[in-house]
Amino acid sequence: MIRAAVITISDKGAAGLRQDLSGPLLQEMLRKMGAEIVHYAIIPDEREQIRELLTRLADTPKGTGEQGVELIITTGGTGPAPRDVTPEATLQVIEREMPGLAEVLRMEGYRKTSLAVISRGVAGIRGRTLIINLPGNPKAVREGMEVLIPILPHALQMLRGEELEHHANSEWRMKGKMTESYPMLSVEEAQERMLALVRPLEPEWGPLLEALGRVLAEDVFAGMDIPPLDNSAMDGYAIRAEDTIGASQDHPVRLRIIGNLAAGYTFPQAVEPGTAVRIMTGAPIPPGADTVIRFERARRDDDTVEILEEVRRGRNIRRAGEDVRRGELVLPRGTLLRPQEIGMLAALGRAEAWAIRRPRVAILATGEEVIPVDQPLAPGKIHDANSTSNAAQVLRYGGVPLPLGIARDRREELSAKIREGLEQGVDLFLTSGGVSVGDFDVVKEVLAAEGEIHFWWVNMKPGKPLAFGQIGGVPLLGLPGNPVAAMISFELFARPAILKMLGRKEWDKPTIEAVLEDAIERKDNRRHFLRVRVQKEDGQYTARLTGPQGSGILNSMVQANGLAIIPEERGELAAGERVQVLMLDWPEGVIL
Ligand code: AMP
Ligand code: MG
């Protein structure tokens, strides 16, 4: 068991003028991690006093009858106020700094509030004791601890001089109340934490069509004008506008046709006064000509043409560079490559481009009962629906699915498959099943033992048990086993992760407001995602439940085009109330 000390550093706290909330919170979180709190004190912001206490606690011999402290966490005194001296006192005590710990606390804190950067907390080691400064407010303490929980076991193990052995780590964390040490997160908190650990992937050079749907990873400047030359916008006659002055139905101007010019060729001669060239759309304007008159507006007679009206100079001519100017920034990096951008690259003479590569997403089903779709069912078995639905979702959102098959509920089996994925260099693992609190839920065990878990409770329905962690540096999302829950958790978590890896900046799906056609009961305060069919009726959207909403009823997904979002705080809903609906699809018939 870890022996930890908690020190609250606060003038007001020490004088009894303010209740210490952070110290008790820290103790509670440490205890849930399986630590024993051997010392707790509230002391004022006095450098000497802090230094003295830290030194005494760290220097108590370990392994003796007295048993020393291996971890000291301070809270308070890290800010810029004149009395804040915790970091200075700590620096006097520690022998070896651990700047990474302090920085990750600031970095993660900064995601929540930019004020986190003014915390000056430090971390480091004295002898065999790890000392970490956290800011004083309870929110920062909670967030800081959430960052530290996956890191501390490794750090302390190494500090004790033990081999980094995954097994020991897992036992440490699995002890007893494993589930409770992971707080229930809101959907947004969980998404945010997950996305904080997901990075855009590298660019890759490849053929244009393979870049469709991906993000451009270079600034594309025009190497040429488009169009490259002035050319005709019509089939007609290239003429000089001044030749048509005074022309009318009654007094047509007669021009001599000196040639015929198709698109793709140039005309060898100039158009002199009194002459015209028959010209096709896209053909370059011959020298001397400044205007094109359409066939329909002229009357041909053998090798002459009659013009029946005055024509404005420059008509029906597409100017060189009118679309794109040479040297111009046409497509900035970060542009999503749709067919039109691909077309633009092609027009610029580019056959290849730099685009962020597609993430390779390993897909793994778990469960003794789950068998491959091409095998006949035996009693007690079900077909593996999730691997295929998740793979289809990966494809749909631009990833490359790599199905790794089914792992039975044995740690070694799942481990082996994950290793296989790591060897193949995957960017994301998706597992399904094995994340609830049943006896055979292996995903979180493997994650705890061989990687790290960041969270696994999300306050949503379906999909409450949802593991997120990292293994071998690769993010892993442990989706629930129920097929609907697996798909919805994919939409809410795997999809944003994939899109972020793809270099996208936006991942919210369109949400609309619709009138509920059914009443909705609820017995909890989770956020519900109900499968609905959205229709447009009389100028407004209506949403009808797609039948029973069990998280295993795949048909509720098959019938649905959207997910009605029932917020945590809403009570029962009557038919006719308005709800937000996240559109899974945006079929043509639904457009407003
Ligand atoms: P679990 O999260 O492993 O407890 O699974 C929850 C439920 O989802 C159980 O009824 C499983 O049989 C079912 N399930 C798990 N994996 C799959 C899968 N790949 N395809 C279809 N159903 C599954
Ligand atoms: Mg299972």
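Both ligands and their constituent atoms are indexed starting at 1 by order of listing.
Each of the atoms 1 (P), 2 (O), 3 (O) of ligand 1 lies under 4.0 Å from some heavy atom of G433. When each atom of ligand 1 is checked for a heavy atom of A365 under 4.0 Å away, the hits are 19 (N). Remark: ligand 1 atoms within the under-4.0 Å shell around heavy atoms of P483 are 21 (C), 22 (N). Here is the list of ligand 1 atoms found below 4.0 Å of a heavy atom in H383: 20 (N), 21 (C).
Within the cation-pi definition used here (under 6.0 Å to the ring centroid, within 45° of the axis), K464 qualifies as a partner of W457.
Contact check on R31 versus E36 returns no salt bridge, with no Lys/Arg side-chain nitrogen under 4.0 Å from an Asp/Glu carboxylate oxygen. Salt-bridge check for R160 with E70: passed, with a basic side-chain N closer than 4.0 Å to an acidic carboxylate O. With respect to K381 and E369, no salt bridge is recorded, no charged nitrogen being found less than 4.0 Å from a carboxylate O. With salt bridges taken as basic N to acidic carboxylate O contacts below 4.0 Å, none links E204 and R357.
The shortest contact between atom 17 (C) of ligand 1 and any protein heavy atom is with N386 ND2, 3.2 Å. Shortest contact from atom 19 (N) of ligand 1 to any protein heavy atom: D384 OD1, 2.8 Å. When only non-hydrogen protein atoms are considered, atom 4 (O) of ligand 1 lies nearest to S436 OG, 3.5 Å. Atom 10 (O) of ligand 1 has as its closest protein heavy atom N482 OD1, 4.0 Å. Of all protein heavy atoms, the one closest to atom 20 (N) of ligand 1 is A385 N, 3.0 Å. In this structure, the protein non-hydrogen atom closest to atom 13 (C) of ligand 1 is G481 O, 3.6 Å.
Remark: of the listed residues R106, K112, R111, R111 is the sole one forming a salt bridge (Lys or Arg N to Asp or Glu O under 4.0 Å) with E108.
With a 4.0 Å cut-off on non-hydrogen atoms, E369 touches ligand 1 through its side chain and not its backbone. Within the 4.0 Å heavy-atom criterion, the part of V370 lying near ligand 1 is the side chain and not the backbone.
W354 and W205 have tilted rings, their planes meeting at an angle from 30° to 60° on a 0 to 90° scale.
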Worked verdict on S186 versus N459 for side-chain hydrogen bond (donor to acceptor under 3.5 Å, both in side chains): CA-CA 5 Å; S186 70; N459 194 25; over 6 Å; no
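Between T366 and ligand 1 there is a heavy-atom distance shorter than 4.0 Å.
Between the choices G434, G380, A485, the shortest heavy-atom distance to atom 1 (P) of ligand 1 belongs to G434.
Between I382 and ligand 1, a contact under 3.5 Å exists for no N or O pair. Residue contacts with ligand 1: P480 is placed with no nitrogen or oxygen under 3.5 Å of a nitrogen or oxygen of the ligand (distance criterion only).
Here the side chain of H454 pairs no donor or acceptor atom with the backbone of V147 at under 3.5 angstrom. Under the 3.5 Å distance criterion, the side-chain polar atoms of R199 are matched with a main-chain donor or acceptor of A196.
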